[in-house]
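Structure first, then comments.
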Amino acid sequence: MKLILKGGRVINPAEHFDEVADVLIEDGKIAAIGKDLAAEGAEVYDAAGKLVTPGLIDMHTHFREPGQEAKEDFESGSKAAAAGGYTTVATMPNTKPVVDAADIVRSLQKRAEDVAKVHIRIIGAVTKGQKGQELAELGDMVEAGAVAFSDDGHFDPTAKVLLNAYDYLHTFDKVIINHEEETSLVEDGVMNEGHRSAMLGMKGRPTVAEDIAVARDILLAEYAGARVHVAHISSGRSVDLVRQAKKRGVRVTTEVTPHHLTMTDECVNLYDSSTKTNPPLRTQSDVDAMVEGLKDGTIDAIVTDHSPHAQEEKDREYVYAPSGFPGLETAIGVLFTDLCKTGKVDIPTIIERMTWGPAKAFKLDAGTINVGANADVTVIDPDLVWTVDPKKFYTRGSHSPFVGRELTGKPVLTIVDGKVVMKDGVVL
């Protein structure tokens, strides 16, 4: 298949390339980038006025396989990813059973090859059953293809176990993604601890719980000379802890979600559980710190923490509803509307943190538009105005705090290995 993306604004963060050009895709590869490209028999897509970027990458999703397919599975999740402009996603291991053995990693990779519309990478658990007591089959999972390791959804309380994991994975140069909340400080908390939680009469989860955990895990990684990735950072002080650690040469990276970049705890409504997330929505000063961390390079990646739940699970009182909501199909619209359109963050920075940034952090062969590279490409219309309608979602989750919002900016073409998998919002 030959395809020419004609006259779009090509953004390739890996090469600091940002100019209007054509992109020729042939045999699953980027064949050429330049002006007035032509190729016999090529299909032409008019990208004028649109952004042509590396395929978006999300290294923090929950596709619920194995064991929770009623919420999401690789087929529905990958369709949601394609609709959102993503070409590579990674799935977290807090499933049933937990992804803590090589045979599970292999079976999930085979499942992804059979049904997925996009590249799915598998993240393995750090400890058996994610119980924080005994290391999982880390080496065997590396051999099986696990891209990283995490006990996401759980804070590993024993520093010694985590240090052992750092020491072991240092040999393989694999990163541990840490869920950062000191458990004793957040027990039974359902939202950020502060003025809003007091007004609503709900138990809070304080930022200091995150700060303590981030500080500990950075120090352990520094001691071991290992790689650590701070999951879904949300506290302003935690961002500064990462910033200072990077200055010391610690091998630390971090990520942030669109909702922690754009929403505060003032958005929490007792009658709408869609705003219940873990970590919770924080204060405006924390949001401002997230934006600053994004701009100065402290934050390496934007992830969605895509976490769909069954309708009956989220349709409960706020206190009892599970945390999380689907985010793959709304990410670009929210970021472009609330950050780019308002002048807070420029488009190239957003694209970098959704492509080359995560590719560097996880050592992926992705995130670029270079001649000879795999043709994983996203085309975004930055001016397309649309309204979030869960009836049009490909994900099985429908509870989103963005439902009903009018957003500006949307992916209109997703190409995986040179094949168009989404066009004008329709997954093919």
Any side-chain donor near an acceptor of the partner, [X] and [Y], under 3.5 Å:
X: D286; Y: T283; value: yes
X: E329; Y: T395; value: no
X: H62; Y: E72; value: no
X: D365; Y: N374; value: no
X: D315; Y: H399; value: yes
X: D152; Y: H60; value: yes
X: T275; Y: Y318; value: yes
X: T298; Y: D296; value: yes
X: D58; Y: H306; value: no

Legend entry - From R396, K79, R64, residue fulfilling salt bridge (Lys or Arg N to Asp or Glu O under 4.0 Å) relative to D73: R396

Which pair of non-hydrogen atoms, one from [X] and one from [Y], has the smallest distance, and what is that distance?
X: G84; Y: P411; answer: O-CG, 3.2 Å
X: W356; Y: P13; answer: CB-CB, 3.9 Å
X: Q68; Y: T95; answer: OE1-CA, 4.1 Å
X: V115; Y: S78; answer: O-OG, 4.2 Å
X: V161; Y: G132; answer: CG2-O, 3.8 Å
X: Q284; Y: T264; answer: OE1-CG2, 3.4 Å

Inset, instruction - Answer yes or no: is there an ion pair linking K71 with E313, defined by an N-O contact shorter than 4.0 Å? - result: yes

Inset, instruction - Could you tell me whether R251 and D173 have a side-chain N and a carboxylate O separated by less than 4.0 Å? - result: yes

Inset, instruction - Specify whether F63 and F74 have parallel, tilted or perpendicular ring planes, treating 30° as the upper limit for parallel and 60° as the lower limit for perpendicular. - result: perpendicular

Legend entry - salt bridge (Lys or Arg N to Asp or Glu O under 4.0 Å) between E210 and R282, intermediate numbers included: CA-CA 12 Å; E210 180 174 317; R282 303 293 192 186; 3.4 Å; yes

